[in-house]
Structure formats: C-alpha cells, structure tokens
Amino acid sequence: MSQKIIIFDTTLRDGEQSPGASLNVMEKVEIAKQLEKLRVDVIEAGFPVSSPAQFEAVKRISGEVGIIVAALARAKEVDIKAAWDAIKEAQKKRIHTFSSTSDYHIIGKFAHERYGKNLEEKRATILKMSYDMVKYAKSLCEDVEFSAEDAGRTDLAYLAEVVEAAIEAGATTINIPDTTGYTVPFEFGEKIAELKRRVSNIDKAVISVHCHNDLGLAVANSIAGIENGARQVECTINGIGERAGNASLEEIVMALNVRKDLFKFSTGINTSEIYNTSRMVSGFTGIIVQPNKAVVGENAFAHESGIHQDGMLKNRETYEIMTPDSVGVNKTKIILGRHSGRHGLKARLIELGYTIDEKELNRVYERFTKLADKKKEVFDDDLRILMGDEVFTESTHYILDYMQVNSGTGSIPTATVRIKRNDKELSDSATGDGPVDALFNAIDRALGIESLIESYRVRSVTSGRQALGEVSVRIRSHAHSFTGRGVSTDIIEASAKAYLSAINQNEIYQLEAKTLNANEKITEAI
Ligand code: KIV
Ligand code: ZN
C-alpha cells in the first residue's frame, strides 16, 4: 500500500516572490482554481499582512476553492490576525506561521533590545515566541502549520526544542524549510530522521519539507525528506520562487509516479493537468519555462537525433520514461482558425483551464478574431498568451491607444505615442538609439516618468512568420522590480504594451504601499 503525500502548493506565495513576478488578484484566483483542478491538497494563497492586494487575493481565493487555503504569517499577532481574517470564510483553512531558528537568522534579524543580548537569550525568546504565537493561531484556527525558517542551517538540538514546543502549542503540521537551499539530500534526509527520533510528540504532527533550489537540489532534498518521514511537501509550479526557486511540483509528483517501483508513496495529483497549469503560471507570471525543463519544458518530449527518433518509432520506451499524455502535453496543437466561433473559443479556453465570463469572452474573442485574421492557425499557446495579456487590463491603467514608429538605415528612429487612462489622453514623441528605445522614450515623455529598464526580451510564442511575438520588460523602481508582458504580431507594439504593463504594476504597488503606510499609522495611533 502506498502512503499519501500531501501536496502543498506555494506558487501563489513563495512562487510569487520570484523577482519581477507579481500577479494581480484575478490572475491569482484563476491559478488557484486551476490548482484545485490539478488536485493539490493545500494552496498557500499569500501573505495577507504584507499588502492590501495580498489580503484581498487570499480572501477571494478562500471564497472560490474547496481545498485547504493556507495564509502565511510571521510569528506576530498582527500577522496571524490578518491571515485569519483573510481565510476565515474558506471551507477549509490553515494558518501558516513561522519564525527563524538558525543562528545566521537569529543573529542577523533579531534586535538585542527586544530579543536578548546574546545568542542564548535570543534563542530562548524565539522559542517562547514560537510557542505563544502557535497557541494564538490555534485559538483562531484548528489547522495550524509552523515553519522553522532556515531549518536547513539550524542546530539540530535547538530545532528539536522549537518543534516540540510548536507541537505542544497545537501545531498540526511542522514544516522544515531549507530556506537557503544549502543542504544536500543525505544530510537533509538525516535531519528529518533525527527530528523523528528526538522530538517526543512528533507523532502528533505531519512533517513537511520546503526546499529551495540554490544548489539545484530542491527536488532531490524533498524526496530525501519524504523517504525519511515527511508526509507533506511544499513546492511550486515550474519551480518558481525566491532566488533559484522552490522544489518543482511537477518534478516531485512525476518522480514519485514514474518510480513507483522504488517509492511507496502516491499523491492525489491529476497529472494530466500538469501542462495546462504550468503554461497558465508561466503566462500570468511572465516567467518563461526553460526549454529543457524536466516534465514541462518545450523539449521535454522532443527527440532530435536520428538514433533517438528511430528508437522511438520502434518502441516509445526506448527513450521515454513517461508519456506526454500523462502530463497533459497534447501533441495535436492546431485548434482554431478565423472561422471558429465564440462557442468553440470558449470551450477550448475552458479545456485549457480558464474560467471566463461573457464580458471577458467578448474581449478575448475580439482579440482572437484579429489574430486569426493575421494567422491561419491559432495554437493553444497563442490562446494562453491572449488570456495572460489583456484580459484583466482595467481602464484605470495606462493603455496604448496609438503608436507610430519610424526607423531605417541611416535615419534617426522616432516614435509617437498616445496613451489613455480613464478618459485622459497623454501623447508625445521622441527619438532614440533604435525603434524600441525611441518608443520607450516617447512613453516616458508622455507620462512624465523615467524608468530604469532591467531587462528586455522578445520571443516568438508559436512557430511561423506570423507567430505572436511576446515581449517581456522588467523595470526597477527603488527596491522592487516589475515585469510587464505584451503580445502582438508586431513586436514593436508588443514592446509598448509590455513597457506600459510594467509601469502599471509599479503604480499599483506604489498605491498599495501608500494605503499600507496609512493603515500602519492608524494602528500605531490606536
Ligand atoms: O523558505 C522558507 O523558509 C519559507 C518559509 C516562510 C516557509 O518560505
Ligand atoms: Zn521558501
């Protein structure tokens, strides 16, 4: 009999912490619904205290899905209260609270005045704080998870003490994160085994693992954790997350699945939804999946060399350990064309995992027909890109209304733009080093801003001359980066859209930050 591994998906929380990957509320709700279709057991929907938009997204997701919704909170009352307020209407809910336990974090993050004058005193304060805050969380919510941040580099004896206290206070899941991706599989597995030996009440909680990928070992470490007693694994779609990312959900699930002969563990994941989910997350976050990425990369099932192709034709298993079908990769990609109707489009979008109301359908259909006029065949990836592009643009955002760009050999590139926001029109012209530079300069002048471009990338979404071009632009503003995406069969137009989208995200963030500061002042005054 195989034992069930709980899949805790943190794409919407740790995954969203990937540089430049900010998702709006509607995109998060869409992804949450798709994660439910994928049959993950728990969705970590966000970190509610960190911004009003995070709070709103967790609250909205709580009202939309029937699986467990977890909200993250530092071991502080204000965080735990915000987490609870955001999830309390969910059918199934979990508060996930954490505090740091490694000496690196304790020395680096906790001030002498509040936490104690030396390491020993600080450790004692954190132990008590962890106990108290789990108890507080438990007074609000039956299902409480506690994480010992940087457990991978935490002294084992101290880690065991904190874990025991958290279980004593009521934690039902104990998460052991390798926050910095420092450990290697045999060492991490041994850490889990040793905790099982040392912590007297460990049988009252589920052990969870949460591994980062700084050394490319996140999946291997997670599996080592499972082999040594962990029964929950925290992971993200496409392995996105802080720095080098988190353990990839699809890799863990397929490793357990393909190697059933070795591992006596199973998950509840509907593997045929893996590819759709991967594409949706990539489309909404703008984080491209590397072509050779295991399980979901464009080349994961491509056989290039003659010897391989010949072997495959004779017997698929010569070079394939899982079928594309098993993860939802559909080889027949041609689907719609200019004669396809609204119903056909809607049905295909639903098959690809999107929920779409009539208003959205009208907008997508309009864009679809324009695209179908330019391209003979509209592929699934084109549709995904259409969904991730403009469906959720609000009239309060800057929208490209008109642009003209001139460039040529020996001439100075010039651009003119007209941008709309609500009923206001802003226009200007500028020159630049190339057509894109001229365009960005014209946008800057029209909006009266100057942005620092961190990266600019163009790629073709599908194949052929009329393929959609997808442009991704990352801008930097103070300590934060914002990525915008734009698509069009004209890559100059796609560039303008991408740049405006990044500017819009920065604006939304600045607005939220203002609201948050105002709220903090009000709390202080009380
Ligand atoms: O990596 C980490 O330690 C985390 C915790 C908050 C669980 O993301
Ligand atoms: Zn993490």
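Whatever order the structure lists ligands and atoms in, that order sets their numbers, starting from 1. FYI, side chains are in, hydrogens and waters are out, and symmetry mates aren't considered; it's all heavy atoms of this structure. These numbers were taken from a predicted model, which means no experiment stands behind them.
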* Asked: Under 3.5 Å, is there a donor-acceptor pair between the side chain of Ser282 and the main chain of Ile287?
  ->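 Answer holds: yes.
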* **Polar side-chain atom of Thr277 near backbone of Glu273 as donor-acceptor pair, under 3.5 Å** =>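 A pair under 3.5 Å: yes.
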* Asked: Where do Thr11 and Asp9 land on the side-chain hydrogen bond (donor to acceptor under 3.5 Å, both in side chains) test, with the steps shown first?
  -> CA-CA 6 Å; Thr11 305; Asp9 179 278; 2.9 Å; yes
* Heavy-atom distances under 4.0 Å are what count here, so tell me which part of Thr179 touches ligand 1: side chain, backbone, both or neither. =>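 Both backbone and side chain.
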* To do: Look only at interatomic distance and state if Asp14 has a nitrogen or oxygen under 3.5 Å from any nitrogen or oxygen of ligand 1.
  =>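 By distance alone, the answer is yes.
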* To do: Give yes if a backbone or side-chain nitrogen or oxygen of His210 is under 3.5 Å from a nitrogen or oxygen of ligand 1, and no if not.
  =>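 Between His210 and ligand 1, an N or O pair is found under 3.5 Å apart.
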* Asked: From the Zn ion (ligand 2) out to just under 2.8 Å, does an N/O/S atom of Asp14 turn up?
  ->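 An N, O or S atom of Asp14 is closer than 2.8 Å to the Zn ion (ligand 2), so yes.
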Check whether any side-chain heavy atom of [X] sits under 4.5 Å from a side-chain heavy atom of [Y], and report yes or no.
X: Ile202; Y: Ile167; value: yes
X: Ile95; Y: Ile87; value: yes
X: Asp85; Y: Lys81; value: yes

* Which ligand 1 atoms are under 4.0 Å away from a heavy-atom of Pro177? ->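 By the 4.0 Å cutoff, the relevant atoms are 2 (C), 3 (O).
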* Counting from 1, what ligand 1 atoms have a heavy atom of Glu149 closer than 4.0 Å? ->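 Close to Glu149: 3 (O).
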* Asked: Quick one: nearest non-hydrogen protein atom to atom 7 (C) of ligand 1, plus distance?
  ->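 Going by distance alone, atom 7 (C) of ligand 1 is nearest to Ser147 OG, 3.6 Å.
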* Rounded to 10°, how many degrees is the angle NE2/His212-the Zn ion (ligand 2)-NE2/His210? ->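 The two atoms subtend 100° at the Zn ion (ligand 2).
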* Would you indicate which of Glu234, His212, Arg13 comes nearest to atom 5 (C) of ligand 1 when only heavy atoms are counted? =>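 It is Arg13 whose heavy atom sits nearest to atom 5 (C) of ligand 1.
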* To do: Among Thr10, Asn221, Asp14, find the one that has a side-chain hydrogen bond (donor to acceptor under 3.5 Å, both in side chains) with His210.
  =>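 The residue from Thr10, Asn221, Asp14 that satisfies side-chain hydrogen bond (donor to acceptor under 3.5 Å, both in side chains) with His210 turns out to be Asp14.
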